[in-house]
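Let me begin by presenting the structure, written as structure tokens, before commenting on it.
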Amino acid sequence: MAEIISPMAGVVAEVKVNPGDKVEPGQELFIIESMKMMIPLEADKGGVVKEVKVGVGDFVNEGDVVVVLED
Amino acid sequence: MFSKVLVANRGEIACRVIRACKELGIKAIAVYSEADKEALHVKMADEAYLIGPAQAAQSYLNMDKIVEVAKESGAEAIHPGYGFLAENASFIRKVKEAGLVFIGPNAEAVEAMGSKIEARQTMQKANVPVVPGTTEGISDLEEAKKIAGEIGYPVMVKASAGGGGIGMQIARNDAELEQAFKMCQMRAKAYFGDPTLYIEKYIEQPRHIEIQVLADQHGNVIHVNERECSIQRRHQKVIEEAPSAVVNEELRQRMGEAAKRAAKAINYDNAGTVEFLVDKDLNFYFLEMNTRIQVEHPVTEMTTGIDLVKWQIKIAAGEELTLKQEDVKINGHAIECRIYAEDPDKNFMPSPGKITKLVWPEYEWLRIDHGVYEGCTITPYYDPMIAKMIAWGKDREEARQRMIEALKNTVIDGIKTNIKFHLDALQHPLFIEGKTYTSFIEDMKK
């Protein structure tokens with residue numbers, strides 16, 4: 001199991017994966033809006049999405065777990 | 001003069017406007033979102049009102065709420081700062097309809113500059129140079145050659161329906177034009193289904209130089225010299241200075257007169273800025289007009305002694321401009337560095353968070369406009385600019401050295417900032433030589 005964490009505080013602008021999706025390392029999972037910029041959040045490892053913890057409009061803090069992956 | 005002014009903004013510019021109000025003996029009213037309850041502008045103001053949630057659309061952009069608070073608090077005028085509602089003609093009308101004064105230009109002037117095509121036509125009529133080119137499509141090579149001959153090489157061949165750099169090519173002579181024309185026509189047809197092309201003069205290594213104007217409601221217009229703002233990342237300015245290293249007195253006068261004609265052509269009132277692209281032969285072309293106070297206004301204030309924000313308030317109150325063109329002088333040189341909460345090592349990614357330690361240096365030649373304090377939190381909801389540091393020197397080199405000294409003695413912990421980027425830029429040979437083109441940040445990396 002692997003956790004994907006948000007690298008910065010911001011508001012979730014777009015969620016690009018659903019539970020059950022297979023993701024590759026480097027794939028875009030989320031778009032986070034922070035300080036008037038849209039920042040893509042990429043998977044640092046591959047796996048199958050077990051849980052998506054946030055939705056569009058949610059506020060995330062730096063270090064928050066946003067996605068849980070299964071190997 | 002007003003007795004109470006509402007400041008419809010946040011951050012450093014709200015603090016700047018509040019300071020001007022206080023110096024004029026005016027009570028300042030702040031508005032704030034839920035994310036800004038502890039913000040510096042709220043603490044500085046005489047009164048402060050919560051206007052909505054963190055999202056700007058529901059707070060700082062909420063026109064009706066802001067007008068309502070202004071009425072309730074007894075303010076007679078609203079200063080919009082920059083960004084948010086500063087260049088919104090319908091807000092200006094709402095303010096007026098509520099019986100209040102908007103501290104900025106009239107709505108029609110804002111609209112005249114809002115449409116870029118309309119603005120280009122208005123400027124041409126007013127004898128303000130625009131980037132030469134065709135406004136109508138061309139489909140014939142001979143016609144293209146004739147136009148290129150008229151405006152002079154190099155030219156840019158562009159697809160009329162194009163965008164994103166596709167179907168765009170530089171031509172430096174007739175032979176290249178022939179090739180570019182064929183290539184662009186083919187691509188334009190393939191990508192956009194429309195082979196129509198147009199031709200514009202290609203500006204090589206442009207600089208971005210702007211002229212500050214002040215216009216009152218009695219027909220008086222002056223210019224307050226230029227600012228050099230070529231150093232940009234993502235089309236946002238990072239370092240600005242006044243005067244420009246390449247503008248001499250003769251060019252300053254010509255650009256200044258063109259800017260005054262631009263302002264007069266749209267019956268402009270209040271402070272405004274006419275932006276020009278300047279090519280390597282120092283030809284200048286109208287780019288756009290910013291119908292508000294600019295972020296970089298302090299470099300003008302520090303080299304002329306003219307307080308632009310106070311003049312904005314006085315002009316809006318109906319006062320006549322007592323400054324004459326010949327009163328505007330240049331004293332020394334000023335450089336401004338915008339301090340952003342961002343990480344230059346990670347492609348200038350935002351870096352919100354809590355400022356755990358903050359030490360500003362103090363010098364008589366240094367001005368810092370900011371909206372932060374030690375222990376405050378920089379939220380991710382708004383612009384990453386947290387402060388501006390402006391150093392003055394008797395000449396460009398002294399201002400540069402002093403700016404470096406000031407930056408080296410600044411401590412901002414808890415968040416990442418672009419201070420190190422500024423230090424690299426200010427010590428780069430191209431900056432030292434004054435070779436600051438809009439491509440400076442890319443040139444720096446080479």
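Within every chain, numbering begins at 1; the chains are lettered A, B, ... in the order of the sequence lines, protein sequences first and strands thereafter.
- Contact check for Ile378(B) versus Val372(B): side-chain heavy atoms found under the 4.5 Å cut-off.
- Considering only heavy atoms from C-beta on, Phe91(B) comes within 4.5 Å of Ile78(B) through its side chain.
- Inter-residue side-chain proximity for Val411(B) and Trp360(B) is flagged as unmet; no heavy-atom pair is nearer than 4.5 Å.
- For residues 367-382 of chain B, the set of pairs meeting the salt bridge (Lys or Arg N to Asp or Glu O under 4.0 Å) definition, not counting sequence neighbours, comprises Glu301(B)-Arg367(B), Arg367(B)-Asp369(B).
- Side-chain atoms of Gln294(B) and Lys237(B), non-hydrogen and from C-beta on, do get closer than 4.5 Å to each other.
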Quick one: donor-acceptor pairs between chain B and chain A, under 3.5 Å, side chains and backbone, table format.
from, atom 1, to, atom 2, distance (Å)
Pro380(B), O, Met35(A), N, 2.6
Asp383(B), OD2, Lys36(A), NZ, 3.2

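- There is no side-chain donor-acceptor pair under 3.5 Å between Thr273(B) and Glu210(B).
- Of the atoms belonging to Ala56(B), not a single heavy atom falls under 4.5 Å from chain A.
- Comparing Gly353(B), Pro384(B), Pro380(B) by heavy-atom pairs within less than 4.5 Å of chain A, the highest count is held by Pro380(B).
- Two residues are said to be in side-chain contact when any heavy atoms from C-beta on lie closer than 4.5 Å; Glu336(B) and Met389(B) fail this criterion.
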